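A short write-up of the structure that comes next.
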Amino acid sequence: MIPRPTSRVPGQGELVLDHGTTVAAPDELAGVLVRLQQALRPATGLRLRESSPATVTLALDDGLEPEGFRLRVTSHGATVAGGAAAGVFYGCQALLQLLPPAIYRRAPVAGQRWAIPAVEITDAPRFGWRGVMLDVARHFLPKADVLRFLDLMAMHRLNVLHLHLTDDQGWRLEIRRYPRLTEVGAWRRESQVGATPDAPGDGRPHGGYYTQDDIREIVAYAAERFITVVPEIESPGHVQAALAAYPELGVTGAPLEVFTRWGINPNVLNAEESTVDFFTGVLDEVLELFPSRWIGVGGDECPRDQWRADPRTRQRMAELGLGREEDLQAWFIRRLDDHLTAAGRRLFGWDEILEGDLAPGTTIASWRGMTGAVTAARRGYDVVACPEDRVYLDYRQSDSPDEPIPVAVALGVRDVYAFDPVPPELTDDEAGHVLGGQANIWTEHADSPRTVDYLAFPRLCAAAEALWGPADRDFADFEERLDTHLARLDALGVEYRRADGPRPWQRRPGVPGRPFTREQRSAHIARLVANISPS
């Protein structure tokens with residue numbers, strides 16, 4: 001099973017599902033029961049009618065943690081109990097993994113015997129934030145593929161989808177008061193192919209966006225699977241798609257196109273009150289769509305050259321009593337933070353925002369190694385760990401020249417499996433600020449759902465176990481279980497990376513990447529985090 005359960009005690013015999021199999025659940029678990037029936041019926045062809053008593057029973061047990069569960073299977077029946085509905089749902093995911101991998105197929109499987117071995121499993125997660133960041137700004141992922149990705153997350157008991165909705169290369173969320181954000185900002189005329197500065201464009205327009213009805217559907221679909229969708233609206237950098245739609249938001253006011261290149265862009269927001277009002281207006285619509293406690297505002301990789309060179313910005317800084325451009329960025333983020341706090345939400349931002357003064361409720365995504373996690377926790381801020389050298393799933397998966405568009409350091413399944421969100425130098429009290437972690441999937445070089453599959457799996461399986469289970473893990477044991485788990489991914493049609501390397505159609509021959517050694521990357525990250533060294 002993946003994630004590995006905390007306790008698994010084998011029993012005697014097995015439970016066979018057949019046309020007489022029935023199911024039952026109290027009213028509070030009706031939705032979970034429907035999900036279980038939907039998961040079991042396609043491959044088995046069984047009706048799975050409700051009755052009492054039943055073959056498979058779902059129940060609540062307040063002696064268990066809310067996301068914890070106990071699964072008991074005997075030759076006579078199965079009971080899935082959880083501390084809350086989420087725990088019961090995760091117990092159902094465990095139940096599915098006890099069946100043959102063909103259970104994940106979407107049509108009846110002839111000749112298959114559907115037997116569950118007798119067992120008692122007790123389990124609960126180590127962390128409350130077990131997430132994935134999915135970048136749909138660089139390359140748009142159609143709604144149907146987002147829903148499929150949510151199903152794959154649920155299978156692995158991941159519970160946060162951090163949806164990166166806006167960037168220089170595209171704005172993917174309908175904002176009704178500012179329609180040009182999608183009319184103009186959702187489309188670019190071409191995309192860079194490769195990771196080098198002189199990489200060519202493909203000459204092919206790319207775009208797409210989610211309507212507000214699409215987002216409501218995605219959020220509701222996720223909620224049925226106990227996944228919270230955390231949106232991110234980038235600011236004050238990574239905003240050229242917004243500037244293409246509304247140039248007056250920028251420092252220069254000059255007309256721009258949606259960015260067609262990858263990398264850090266010099267164009268940033270100005271510091272006028274009208275621009276703050278624009279983005280708080282955007283956030284008001286975001287708040288209506290996403291019930292998440294956390295709302296992402298970016299704050300990363302914001303060049304300050306335009307502010308430094310602009311007379312109006314220097315005047316504005318004097319008006320605000322700010323002496324440094326870093327203070328101006330912090331001021332902008334704090335204004336958004338005040339707006340979110342007034343609405344009862346919490347700001348979620350990348351670790352660059354630690355360079356300024358933050359509200360007490362801010363949550364930090366520590367991506368530049370673990371320096372941000374240590375710094376934030378020691379200052380009393382909550383942390384989601386996502387260090388790029390462990391869980392950036394767009395990074396190349398080996399040193400092989402066959403890896404498609406090889407970026408940064410080689411990051412294999414073993415490397416991801418070793419991820420621990422809690423920096424060892426933290427005290428117990430400081431470690432209490434670590435909410436958990438997430439893997440990040442940036443899509444500059446992932447222009448299709450097939451490529452997202454290749455980048456994500458099976459490394460995301462390793463991340464899921466690292467976030468669910470205890471810190472003490474056994475990679476050899478995981479590898480053995482992964483062999484069986486890959487058959488489940490096969491049944492689901494996931495085009496994962498094979499252990500012996502990419503298949504021919506997964507390669508990108510002739511398209512250059514930007515590989516680094518770990519020493520080169522570590523030195524680069526050390527320079528980036530010099531301003532937020534732990535106190």
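No experiment lies behind these values; they were computed from the predicted model shown. Along the sequence shown, the residues carry numbers beginning at 1.
Atom CG of Leu163 sits about 9.5 Å away from atom CE of Met133, to the nearest 0.5 Å. For the atom pair Ile218 CD1 and Asp213 CG, the distance stands at 11.0 Å (nearest 0.5 Å). In this structure, the separation between CG on Leu320 and CG on Asp327 is 10.5 Å, given to the nearest 0.5 Å. In this structure, CG in Asn265 is found 8.0 Å from CG in Leu256, a value given to the nearest 0.5 Å. Atoms CD and CG, on Glu257 and Leu243 in that order, are 12.5 Å from each other to the nearest 0.5 Å.
The closest donor-acceptor contact from the side chain of Asp310 to the backbone of Thr313 lies under 3.5 Å. Without hydrogens or angle criteria, Asp168 side chain to Val239 main chain gives a donor-acceptor distance under 3.5 Å. Checked by atom type and distance alone, the side chain of Glu355 never pairs as donor or acceptor with a backbone atom of Ile532 at under 3.5 Å. Although no hydrogens or angles enter the test, the distance criterion places no donor-acceptor pair under 3.5 Å between the side chain of Arg508 and the main chain of Ile405. Not one N or O on the side chain of Arg497 forms a donor-acceptor pair closer than 3.5 Å with the backbone of Gln397. Side-chain atoms of Thr443 come within 3.5 Å of backbone atoms of His139 as a donor-acceptor pair (strictly under, hydrogens ignored). With hydrogens and angles disregarded, a donor-acceptor distance shorter than 3.5 Å links the side chain of Arg261 to the backbone of Ala199. Within the 3.5 Å criterion, the main-chain N or O of Leu358 finds a donor-acceptor partner in the side chain of Tyr381. Panel note: side chain Asn270, backbone Leu249; a donor-acceptor pair is recorded below 3.5 Å. Proximity of a side-chain donor or acceptor of Thr341 to a complementary backbone N or O of Asp337 within less than 3.5 Å is detected.
Looking only at atom types and distance, the side chain of Glu326 has no donor-acceptor partner in the side chain of Asn531 under 3.5 Å away. A donor-acceptor contact closer than 3.5 angstrom links the side chains of Gln329 and Arg304. Between the side chains of His339 and Asp284, a donor-acceptor pair is found at a separation under 3.5 Å. The closest side-chain donor-acceptor pair between Thr166 and Trp171, if any, does not fall under 3.5 angstrom. For the residue pair Glu352 / Trp367, a side-chain donor-acceptor distance below 3.5 Å is found, with atom types taken as modelled. In this model, no donor atom of one side chain and acceptor atom of the other lie less than 3.5 Å apart for Tyr209 and Asp214.
Of the candidates His238, Arg188, Gln192, Arg188 is the only one forming a side chain to side chain contact (heavy atoms under 4.5 Å, CB included) with Gln169.
The aromatic ring centres of Trp129 and Phe348 sit less than 6.0 Å apart. When ring centroids are compared, Trp442 and His164 come within the 6.0 Å threshold. The distance between the ring centers of Phe226 and Phe89 falls below 6.0 angstrom.
Using cut-offs of 30° and 60° for the angle between ring planes, the Phe332 and Phe279 rings count as perpendicular. Aromatic ring orientation, Trp262 versus His445: perpendicular (interplanar angle above 60°, classes split at 30° and 60°). Below 30°, between 30° and 60°, or above 60°: for Tyr178 and Phe278 the angle between ring planes is below 30°, a parallel geometry.
A salt bridge links Glu67 with Arg130; the closest basic N to acidic carboxylate O contact falls under 4.0 Å. For the pair Glu190 and Arg204, the salt-bridge criterion is not met [side-chain N within less than 4.0 Å of a carboxylate O]. Ion pair Arg180/Glu183 not flagged as a salt bridge, since none of the NZ, NE, NH1 or NH2 atoms sits closer than 4.0 Å to an Asp/Glu carboxylate oxygen. Salt bridge Asp382/Arg346: present, at least one basic N to carboxylate O contact under 4.0 Å. Salt bridge status for Arg105 with Asp490: absent, with no side-chain N to carboxylate O gap under 4.0 Å. For Arg148 and Asp151, the salt-bridge test fails: no basic side-chain N is under 4.0 Å from an acidic carboxylate O. A salt bridge is defined here as a Lys NZ or Arg NE, NH1 or NH2 lying under 4.0 Å from an Asp or Glu carboxylate O, and Arg335 with Glu273 meets this definition. Residues Glu285 and Arg177 are paired through a salt bridge, judged by an N-O separation under 4.0 Å between the basic side chain and the carboxylate. The existence of a salt bridge linking Arg514 and Glu444 is excluded, since no basic side-chain nitrogen approaches an acidic carboxylate oxygen closer than 4.0 Å.
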For this session: Evaluate the side-chain contact (heavy atoms from CB on, under 4.5 Å) criterion for residues Arg345 and Arg293: first the C-alpha distance (whole Å), next the side-chain angles of each, then the deciding distance (0.1 Å), finally the verdict.
Result: CA-CA 5 Å; Arg345 308 295 185 92; Arg293 185 182 181 188; 5.7 Å; no
Problem set entry | side-chain contact (heavy atoms from CB on, under 4.5 Å) evaluation trace for Leu173 with Val286 | CA-CA 9 Å; Leu173 174 64; Val286 169; 3.8 Å; yes
For this session: Run the numbers on Leu489 and Cys461 for side-chain contact (heavy atoms from CB on, under 4.5 Å), then give the verdict.
Result: CA-CA 10 Å; Leu489 298 184; Cys461 307; 4.2 Å; yes
For this session: Would you check, one step at a time, whether the test ring pair (Phe, Tyr, Trp, His ring centres under 6.0 Å) holds for Phe127 with Trp468?
Result: CA-CA 6 Å; Phe127 295 105; Trp468 177 277; over 10 Å; no
For this session: Using the salt bridge (Lys or Arg N to Asp or Glu O under 4.0 Å) rule, take Glu388 and Arg368 through it: C-alpha gap first, then chi angles, then the decisive distance, then the call.
Result: CA-CA 6 Å; Glu388 49 86 35; Arg368 298 176 298 177; over 6 Å; no
For this session: Just do the side-chain contact (heavy atoms from CB on, under 4.5 Å) check on Ser191 and Asp447 with the steps written out, would you?
Result: CA-CA 10 Å; Ser191 303; Asp447 58 359; over 6 Å; no
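Residue Arg216 qualifies as enclosed at atom CZ: its count of foreign heavy atoms under 6.0 Å is above 12.
Residues Val383 and Thr363 form no side-chain contact, since every pair of their non-hydrogen atoms from C-beta on lies 4.5 Å or further apart.
With a 6.0 Å cutoff to the six-membered ring centre and a 45° limit on the axis angle, Arg459 does not count as a cation-pi contact of Phe457.
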